[in-house]
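The chain is numbered in sequence order, starting from 1. Remember, it's 1-based here, ligands and their atoms both numbered in the order they're listed. Computed from a predicted model, the values in this text were never measured in an experiment.
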Amino acid sequence: MAIAAALLLLVVVTVVFHWFSPWWLTPLASNWGQMDFTLAITVFITGVFFVVINLFVVYTLLRFRHRKGGPRAAYEPENKKLERWLIGVTTVGIVALLAPGLVVYADYVRPPHDAMVLEVVGQQWQWRYRLPGASGKLGASDARFVSGANPFGLDPDDPAAQDNIVVAGNEVHLPLNKPVKMLLRSHDVLHDFFVPQFRARMNIVPGQVSSFWFTPTEPGRYEAMCAQLCGVGHPNMRGTVIVEDEASFQAWLKTQPTFAQTRVPAAPDGSAGPAGSPAAVGKTLAQARGCVACHTVDGSPGAGPTWKGLYGKTETLADGSTALADEGFLKEEIRNPQARVIKGFAPIMPKVDLPADELDALVAYIKSQGAGAPGTTVEKAQR
Ligand SMILES: [Cu+2]
């Protein structure tokens with residue numbers, strides 16, 4: 001009796017919770033309404049089975065409960081008619097669950113011919129984006145070309161790679177109502193590119209290029225996140241996708257460097273650099289190299305120490321010793337982060353292989369974020 005009552009309560013609470021739950025889908029912002037439809041089919045079918053099976057158990061518990069002097073249960077090892085019914089109903093249920101998904105998936109990986117191409121490279125723990133330039137072609141890439149200065153591993157001798165747009169930072173823009181074919185690569189481990197509002201996601205498997213397409217249908221600012229647990233920095237693996245009209249998109253595109261431009265090293269004094277002073281170059285680098293995923297410049301907590309007021313601070317290290325955060329210390333920390341870990345932070349920072357001039361620019365940027373008061377420690381900047 002108690003079990004029957006508990007099961008009945010479970011069914012009622014589940015159904016009520018489903019309708020009144022605050023966790024509904026975000027508003028749809030792409031062409032993939034079919035994803036919502038297949039999801040609704042799944043919820044409906046599994047929901048019906050859940051309710052029917054549990055109510056059946058409740059019924060049998062009550063109907064066939066033990067009663068003094070009542071009839072004994074009959075042993076019936078086989079019931080062909082019942083088996084046929086069960087096989088039939090579950091077959092229909094499973095086909096209804098799988099078939100719509102297969103149809104939608106076939107569409108999902110077959111982009112229209114006029115789709116623009118956007119390459120996404122996932123790396124612990126940031127996103128990078130590349131677009132074809134004026135030639136409309138993506139240049140060849142190879143793992144052996146990958147370096148701090150060439151994170152996509154583009155072939156420096158491939159003419160088709162020279163005009164490729166190498167997006168600086170974690171933010172990419174897309175034109176409204178234009179199909180986008182996504183090409184996804186990973187630098188290291190399994191990642192998954194996911195923008196919930198687009199209902200579009202795909203695993204990124206190291207060593208292969210995966211692909212899907214979508215058409216953004218609502219202008220706005222969306223968060224791109226990693227949907228595979230890819231290491232301790234996984235929650236920081238966030239990017240931004242901005243959907244806007246064609247004119248704004250083209251204007252943004254013009255501000256992004258081509259691969260050839262990123263090959264020209266920024267002079268330490270900034271005179272020949274694309275973006276002015278060393279600190280300004282460093283700011284661009286902090287975006288492009290993904291530093292900003294873990295280091296804030298407004299003092300708010302992150303996976304790594306904030307850069308606000310960091311320069312000149314006396315830091316307490318994990319072993320209890322202290323060190324002055326001067327130029328030499330910062331460069332050492334960037335080159336070899338595991339050698340000295342700052343107290344209160346996990347040793348999660350990857351080695352950042354930067355040419356000397358970029359290192360100078362990055363440190364200049366950190367320096368420009370203000371010096372700490374003497375004697376303050378970095379722990380105070382934490383939560
Ligand atoms: Cu990831």
Side-chain angles (χ1 to χ4, degrees), residues 23 25-26 29-30 32 35 105 108-109 117-131 138 141-143 145-154 166-174 180-214 216 221-243 285-296 300-306 334 337-338 341 345-354:
W23 299 305
L25 293 171
T26 50
S30 83
W32 289 118
M35 296 283 179
Y105 189 83
Y108 188 58
V109 292
V117 176
L118 172 66
E119 184 187 56
V120 180
V121 171
Q123 177 184 4
Q124 286 175 322
W125 291 281
Q126 60 181 296
W127 299 111
R128 294 179 202 278
Y129 306 96
R130 174 167 68 124
L131 292 135
L138 283 180
S141 61
D142 193 293
F145 298 121
V146 172
S147 70
N150 183 4
F152 287 88
L154 299 189
V166 180
V167 175
N170 262 344
E171 184 180 296
V172 69
H173 293 225
L174 291 175
V180 186
K181 176 187 178 182
M182 306 287 286
L183 298 174
L184 307 127
R185 284 197 286 142
S186 168
H187 241 297
D188 34 45
V189 299
L190 192 64
H191 297 284
D192 186 307
F193 185 82
F194 181 35
V195 178
Q197 290 89 344
F198 298 157
R199 304 292 191 270
R201 57 182 284 177
M202 184 66 81
N203 270 351
I204 311 177
V205 184
Q208 72 185 48
V209 180
S210 40
S211 169
F212 68 90
W213 75 278
F214 68 97
R221 189 183 178 88
Y222 304 98
E223 188 179 26
M225 59 182 82
C226 182
Q228 280 294 355
L229 183 60
C230 57
V232 275
H234 167 67
N236 298 316
M237 198 159 165
R238 291 170 166 187
T240 307
V241 178
I242 288 172
V243 176
L285 277 170
Q287 293 272 339
R289 302 284 181 246
C291 313
V292 292
C294 300
H295 300 279
T296 68
S300 59
T306 180
I334 295 168
Q338 310 296 335
V341 177
F345 293 95
I348 57 171
M349 180 166 155
K351 276 189 186 178
V352 185
D353 170 30
L354 291 178

Looking only at atom types and distance, does a side-chain atom of Asn203 sit under 3.5 Å from a main-chain N or O of Asp192, one as donor and one as acceptor? no
Quick one: the SG of Cys226, the Cu ion (ligand 1), SG of Cys230 angle, rounded to 10°, please. 120°
Phe212 vs Tyr108 aromatic rings, parallel, tilted or perpendicular, using cut-offs 30° and 60°? parallel
Hey, is there an N, O or S on Gln228 sitting under 2.8 Å from the Cu ion (ligand 1)? no
Decide side chain to side chain contact (heavy atoms under 4.5 Å, CB included) for Arg130 and Leu154; before the verdict, give the C-alpha distance in whole Å, the side-chain angles of both, and the deciding distance to 0.1 Å. CA-CA 10 Å; Arg130 174 167 68 124; Leu154 299 189; 3.1 Å; yes
Has Ser30 got a side-chain atom pairing as donor or acceptor with Pro216's backbone, closer than 3.5 angstrom? no
Which atom, among the N/O/S set of His191, is closest to the Cu ion (ligand 1)? ND1
